[in-house]
Each structure stands twice: as C-alpha cells, then as structure tokens.
Amino acid sequence: MKSLLKGTRLAWNLAFLILLVAASFAYAMFQGGFVSWFLLYSLLPFVVYSVALALYPLKKLRVRRKLTKTEFQAGEPLVCTIEIEQPFPFPFFFGIVEDVLPEKLKNSGSAKIVLFPWWKKRFSFQYSLSNLPRGSHHFETVRFKTGDLFGIIERENIYSAKNHMVVYPPFFEFQYRPQQLSLEKDAGFARTRYIKDVSIVAGVREYEPGDKLSWIDWKATARRHSIMTKEFEQLNSQQIVCFIDRTKSSSFEELISFTASFSKAVLKNGSKLGVVSVGKTKKVFPISNHEHHWKHILYHLAVADCDGEDEFINQLLEELNKWGQHSFIMIMTSHLHPSLIDKLLAFPKPRHVTIWHVTKAVEKPRRDQELIDKLRRHSITVRTVDAGMFRDAAQRVGSR
C-alpha cells in the first residue's frame, strides 16, 4: 500500500512538471520576447534533471555495511561504515543516508547523515555508537533518500544489508580459589579423592599465604627467584554448578556481569562448571571446562533476558536434585524471596550451597537481611555483592 501511494505521488509530480513546461512554452509562444523565452530555457535543465531522477533505477544501488568487528563488550564503542555504489554515475545533489538500527541500539547514537555525492559513483560515510548494550544485535536495512532542487521529486528506497554482532557482558579478572575446606569436611569418596589427587602435580604458581611448606617446589623457586608452590590436580577437579535467576529485576545487568566474571574465573582456575539458567525458558550447560564450553556460556549471558516470573523458584529444588552430591552449588540472584528460602531449606545438602545476592547499594530492604540471617542459621552461605564493588566480592570467592 505504501509503495502504491509513493508511485501515485511520483506520477502526479511528473505530470505537474510536464504541465509546468507546457505552460512556460505556451507563455513564451504567446508573449514572445527575451524574458519569456529565457524563463522557459532556464526551467528546462531543472525539469530534465527532475524527470531523469524520477526515472533513475534507485533500487540498483549497491549498499554495504562494514563493522570494525563483530564481538564487543558492553560499553565499548562501535565504528560502522556505510558504502553506496551506483551502477552508473548520476549527479545526486544530495542524499540522506540512514542506517536503520536495531531497537536496543537506538539510544546509543545517531546513524543518519546528509551527503552531497554529485557525480561520484561510490560514496560512503562513517558513524559511531557509544556504550553498546549487552545482547545479540542484527542490522537489517539501510535507507537512502534523495530529491531535486525544488523538492517536487523525492525518491527513497530501503536496501537489505545484513550484519550481526554480539555484545558480551562486561566482566573483570580475578583469581578464583577452590573451596578446599569443604572438600576436606566431606567423608568417604570426597576425602579419598582429595588424598589421592594431591600426589598429582598439575603445575606451579606463586606462593600464597596459607600454603603448606611441603607444597613448595624448590627447583621452580630457584629458577624463578621467587617462592613457587605446587598446584595439585585436586584444585582442578572441582565441579561447580551455577544457577542463574532470570526473574525480572532492576539489578539484572549487574547480575549477568558478575556471573560472567565468576564463570570465567572458575574455568580459568581449571575447575569444571555447569550452568542452569532459568527464566521464561530454561537453558542448561553440562559440567565441563573446555574452551568452547566457556564461549557457549558467554554467548548465553550476552543474550539472556530477565523474563522470568516464578519459574526459578518453582524449578529450583527439582534442578538441585539432578546434580551430583559433590558439586558446589552457586545461586546467582538479584533478589531474595521467602519461597526461594523455603526451597533451599528443603535441599538435603545445604553446606554445598552458596547464594550470591547481587543488588544495587540502594536496594537493601530490611526483609532481605532477615532472610539472609535465616539462611546462615541453616548453614547456607550468603554473599551480598553490591553493584560496582565486584572486586571486593571477588576477594571472598572461595572462602567459607
């Protein structure tokens, strides 16, 4: 319907130009003299240009979009180039080029400019967007609009130019220290595994307070002129399952950022990580520590939405029972709810559960503190993480 209206309007404008030339010619024929003929000949170039512009195959323009890269971190800038090529040179007096941005990027900057290409067969422009939001963004189309000097003929067309980029959540580096004390407290299989695996040296690292004297690697210490400690296979064999609460919350972006940072630190340490993300839909990543496993988790954290209602609370106990008794459970949530607490207290192994309560500093209702105290009385560890203070929380990762 819209294209039909545009075609009808263009036809009326062409008819108007023809009538204008006919009227000027009739005036020159009947009036005569220099002025009337000068008026006619002065009008003809503009009318010819307008008619040529109306007949120009605008759809045959070739439009390309070039991105500096396709993977970003939230907050980074984007520089994009739009290139337009004509099938043959045509003197556009002006051209309005607009890159139609995805909905989530419309607040990041402007992608519209006025160009004066004239006889150029190829012309382009660059624009930049700042503070890119997290997510998977698809660029689809570019709009080009031009016209004549009088504004009688206006041409516009939309071109398909598909590009895709992923903006990952911001994360920071910190060192994850495995929860050795919890393994030592476990009886039976866990204790046997610990004693067995400390004889397998996986590598060396710099000495840290609390390391045993028998763990020092004297040969490596002599080579590097710094005290080096043996790192045993036991430190790399932990299984951690991270539960992500995607219930609607104003602190969801901070929750995703902290979860990404925590996950990277766990996998970098060599531990195995599984992820259960529960919102309107559920996404489960099995326990693994391969490089592609981290990429899949990071992509999910880039596109995850806080679209849940009560799904996380309803599925928590069922999901907890699916994982091994010797897995450490990390629950990432941005708000505490009495129903959530009841589910956790019903879990048979509360000493393996740690809650990371990610919230903004201004959002600390008294009820939350009461729920935290209740959990701690039942031997469930709760860590409160304030937005913007992730590094302080990182120092407590692995402590009990």
Side-chain angles (χ1 to χ4, degrees), residues 2 63-84 94-115 123-146 156-172 244-261 263-264 277 279-281 283 297-309 332-335 358-363 385-390:
K2 187 179 291 186
V63 179
R64 292 185 296 271
R65 181 192 297 103
K66 292 184 178 180
L67 305 178
T68 52
K69 55 182 181 178
T70 58
E71 295 183 347
F72 297 82
Q73 258 194 310
E76 286 186 343
L78 161 71
V79 178
C80 180
T81 302
I82 302 295
E83 296 181 347
I84 300 177
F94 72 93
I96 302 175
V97 185
E98 180 185 5
D99 193 0
V100 182
L101 298 176
E103 190 65 31
K104 291 183 178 180
L105 296 181
K106 290 184 177 179
N107 295 328
S108 298
S110 175
K112 188 175 183 180
I113 194 173
V114 179
L115 301 175
F123 50 96
S124 63
F125 86 99
Q126 279 189 343
Y127 70 89
S128 61
L129 302 177
S130 58
N131 297 322
L132 295 177
R134 176 185 61 85
S136 177
H137 306 292
H138 295 267
F139 294 84
E140 299 288 344
T141 57
V142 175
R143 182 182 290 112
F144 179 76
K145 184 177 181 180
T146 188
E156 180 181 343
N157 197 48
I158 296 177
Y159 303 89
S160 175
K162 297 183 182 295
N163 292 86
H164 172 239
M165 71 176 189
V166 180
V167 181
Y168 296 111
F171 54 87
F172 56 91
I244 306 174
D245 181 5
R246 299 201 333 257
T247 304
K248 293 179 181 179
S249 169
S250 60
S251 303
F252 185 70
E253 292 302 320
E254 289 78 10
L255 174 70
I256 290 295
S257 177
F258 181 77
T259 303
S261 304
S263 301
K264 184 177 182 181
S277 177
K280 197 170 184 179
T281 59
K283 183 70 174 179
I297 293 174
L298 187 60
Y299 180 79
H300 172 73
L301 294 176
V303 301
D305 288 329
C306 55
D307 52 5
E309 295 293 342
M332 306 297 183
T333 184
S334 54
H335 60 86
V358 183
T359 181
K360 294 179 180 177
V362 296
E363 298 179 355
V385 182
D386 293 332
M389 301 180 66
F390 289 170

*Kindly compute the distance separating CZ (Phe94) from NZ (Lys145), expressed to the nearest 0.5 Å.*
7.5 Å
_Between Phe72 and Leu67, is there a side-chain heavy-atom distance shorter than 4.5 Å?_
no
*Might you work through the side-chain contact (heavy atoms from CB on, under 4.5 Å) test for Lys283 and Ile244, ending with a clear yes or no?*
CA-CA 10 Å; Lys283 183 70 174 179; Ile244 306 174; over 6 Å; no
*Using modelled atom types only, decide if a donor and an acceptor are shared between the side chain of Thr259 and the backbone of Leu255 within a distance under 3.5 Å.*
yes
*Where is the tightest heavy-atom contact between Val303 and Ser136, given as atom of each residue plus distance?*
CG1-CB, 3.5 Å
*asked:* Taking the side chain as everything from C-beta on, heavy atoms only, tell me whether Glu156 gets closer than 4.5 Å to Ile96.
replied: no
*Can you tell me how far OH of Tyr159 sits from CD1 of Ile82, rounded to the nearest 0.5 angstrom?*
12.5 Å
*Closest contact, heavy atoms only, Val167 versus Ala302*: O-CB, 3.5 Å
*How many angstroms lie between CG in Asn131 and CG in Leu78, if you round to the nearest 0.5 Å?*
12.0 Å
*Among all residues two or more places apart in sequence or in another chain, which pass the salt bridge (Lys or Arg N to Asp or Glu O under 4.0 Å) test with Asp99?*
Arg65
*Over all atoms of both residues, closest heavy-atom pair of Ala304 and Phe252*: O-CE2, 3.7 Å
*Just one of Val63, Val97, Val100, Asn157 clears the side chain to side chain contact (heavy atoms under 4.5 Å, CB included) bar with Arg143, so which one?*
Val100
*Is there side-chain contact between Leu132 and His137, with at least one heavy-atom pair below 4.5 Å?*
no
*Is the closest side-chain heavy-atom distance between Glu71 and Met165 below 4.5 Å?*
no
*Check for a donor-acceptor pair, side chain of Arg134 on one end and backbone N or O of Pro170 on the other, with a separation under 3.5 Å.*
no
*Return the orientation label for the His138 and His164 ring planes: parallel under 30°, perpendicular over 60°, tilted otherwise.*
parallel
*Is there a donor in the side chain of Ser249 and an acceptor in the side chain of Ser334, or the other way round, less than 3.5 Å apart?*
yes
*Is the shortest heavy-atom distance from the side chain of Ile84 to the side chain of Phe144 under 4.5 Å?*
yes
*OG of Ser277 to CE of Met332: how many Å apart, nearest 0.5 Å?*
12.0 Å
For residues 104-112, which side-chain donor-acceptor pairs fall under 3.5 Å, sequence neighbours excluded?
residue	atom	partner	partner atom	Å
Lys106	NZ	Glu103	OE1	3.3

_Straight-line distance of Asn163 CG to Arg64 CZ, nearest 0.5 Å_ = 11.5 Å
*Hey, what do you get for CZ (Phe171) to CZ (Phe258), rounding to the nearest 0.5 Å?*
14.0 Å
*So, do Leu298 and Pro169 sit near enough that their side-chain heavy atoms are less than 4.5 Å apart?*
yes
